[in-house]
Amino acid sequence: MTTATEFRRALVSADTRLSRYDPLPRILFFDDFDQGVNGWCELIGNHDGNLDKVRPVISDMRPPQISNVSFFDIGTHGAVDGTYALKLATRARADHMALAIKRLTYVKPGLVQFETYFTIKAESWIGALPERHRSYDGNIDPSVYDFGDFCIGNDVCDLEYGRRYHCALRYLNTDHEGKLVRKWMYKTSLQTSTRMVLEGAPHTTDYHVAHPDDWVEIPGGEQRLCYNELPTKVNWHYLRYVFDTSTGRNVELQVNEKVMDLRSIPVPTYPKGYWGLEKLLNFCVDVRTHRPVRNFIFLDSVLVSVDW
Amino acid sequence: MLKRSFTAVVERNVTVHGRLETEPYETAWAGEARWFVHVLSADAATTLHIASEISPDGLTWCPHEAAPVSRVGPGLLSLPLTMLSPWQRLVLTTQPAADPVKVIVYLTLRE
């Protein structure tokens, strides 16, 4: 280990906001949402100026919110540090997804590491247990069955008309019958693009894949996240996701102590290239509800680092 | 440092037929706001009314003190707000028998 590397690690360790992260050699950006949205914005489908032409599955991804993480029973929770977190909120409509994107390009191919502290919740209610929930035992909060899934992913293209792909890793909390699944999944088909639809591909109902069933469990992908008994108690989780823009593959996903090797997972690549996407490097986070209940994902902060 | 600001498109090309409540939107960080409603299409006889509502929890709502605003026909209307609450939403109404009005709703915020 070089002196420069040791010195850099010491500086990161001494910084109270960075020391909970484990960045690669170059920090590309560090988004503390106490400072604002930092470039995370709503994704919208391509259009010619007429918003009625935006494909339905990508027409209503909702604007991200700067949230102080407040609830009806205790007031403000706040973030890991400071007050504010980035919040994505679905509508209270089954299968609705909220997705935020941050858009960059890249200087060199190589490893890219996305780290965040996140928490997930379904919307709470005031008063009697909703009819969809049959019982309450004081421990398993019924609202956990109201939370559908969330994804971490990207959109990468090396060259104009070159290799383009979307990686998407989904934590499936419940299936569409409301049963707990609690597994990490990867997608097995391409994300249908606007051009593909204009060329005759069918519209999709799951933004990420051609067919809603095009998801497979990551080997060893079962994981129990902390839900903590109420929809108004949030506990932050560490997430580290690494992908490689030189190979066009996922590398690794870590959530708290669990580390999943993703190197053998296939990544669908578009057979036909796209104009204007030279060195595209987009980061995506989304949350999706399976029920007519709003689902939320909160990010305390995001740190993205690279190995060049 | 410059003041932080944000524009949220809270509804996009939606139709108002009687009453529409926008999704809850968190604004605890903001000191002032202004709603904009771009009326894309509307019958010349239809009046669109907009009124801001506020909430401490995103679940229960009451009117903001700002006076409602109205417009007849296509164009832009706005409603400025101070003394924000943690959550905002906009209520858009037309006469029940009126033709649908198509709108884009913006919530602009700053410290």
Query raised in the report: Which one, A:G36, A:S67, A:C41, A:A89, leads in non-hydrogen pairs under 4.5 Å with chain B?
Result: A:S67

Query - Contact origin within B:Y25 toward chain A - heavy atom pairs under 4.5 Å - result: both

Query - Side chains of B:F6 and A:I66 in contact at under 4.5 Å (non-hydrogen atoms) - result: no

Query raised in the report: Can you name the nearest heavy-atom pair linking B:W29 to A:Y84, along with the distance?
Result: CA-OH, 3.2 Å

**Report entry** Side chain to side chain, B:R4 and A:V37, heavy atoms closer than 4.5 Å
**Finding:** no

Query - Per-residue contact mode, A:S124 against chain B (heavy atom under 4.5 angstrom) - result: both

Query raised in the report: Quick one: what part of B:I104 sits under 4.5 Å from any heavy atom of chain A, side chain, backbone, both or neither?
Result: side chain

**Report entry** Other residues, nucleotides, ligands: >12 heavy atoms within 6.0 Å of A:R55 CZ
**Finding:** yes

Query raised in the report: Does any heavy atom of chain A fall under 4.5 Å from the side chain of B:T60, the backbone, both, or neither of them?
Result: side chain

Query raised in the report: Where is the tightest heavy-atom contact between B:E26 and A:V69, given as atom of each residue plus distance?
Result: OE1-N, 4.4 Å

Query raised in the report: If you measure from the Lys or Arg side-chain nitrogens to the Asp or Glu carboxylate oxygens, is any gap between A:R91 and B:E11 under 4.0 Å?
Result: yes

Query raised in the report: Less than 4.0 Å between a side-chain N and a carboxylate O, is that true for A:E42 and B:R12?
Result: yes

Query raised in the report: Taking atom CG of B:L59 as the centre, does the number of heavy atoms from other residues, nucleotides or ligands within less than 6.0 Å exceed 12?
Result: yes

**Report entry** Heavy-atom side-chain contact between B:P24 and A:Q65 under 4.5 Å
**Finding:** no

Query raised in the report: Can you tell which of B:D57, B:V10, B:N13 has the highest number of heavy-atom pairs within less than 4.5 Å of chain A?
Result: B:N13

Report summary line: When the 4.5 angstrom heavy-atom criterion is applied to A:T90 and chain B, the contacting part is backbone

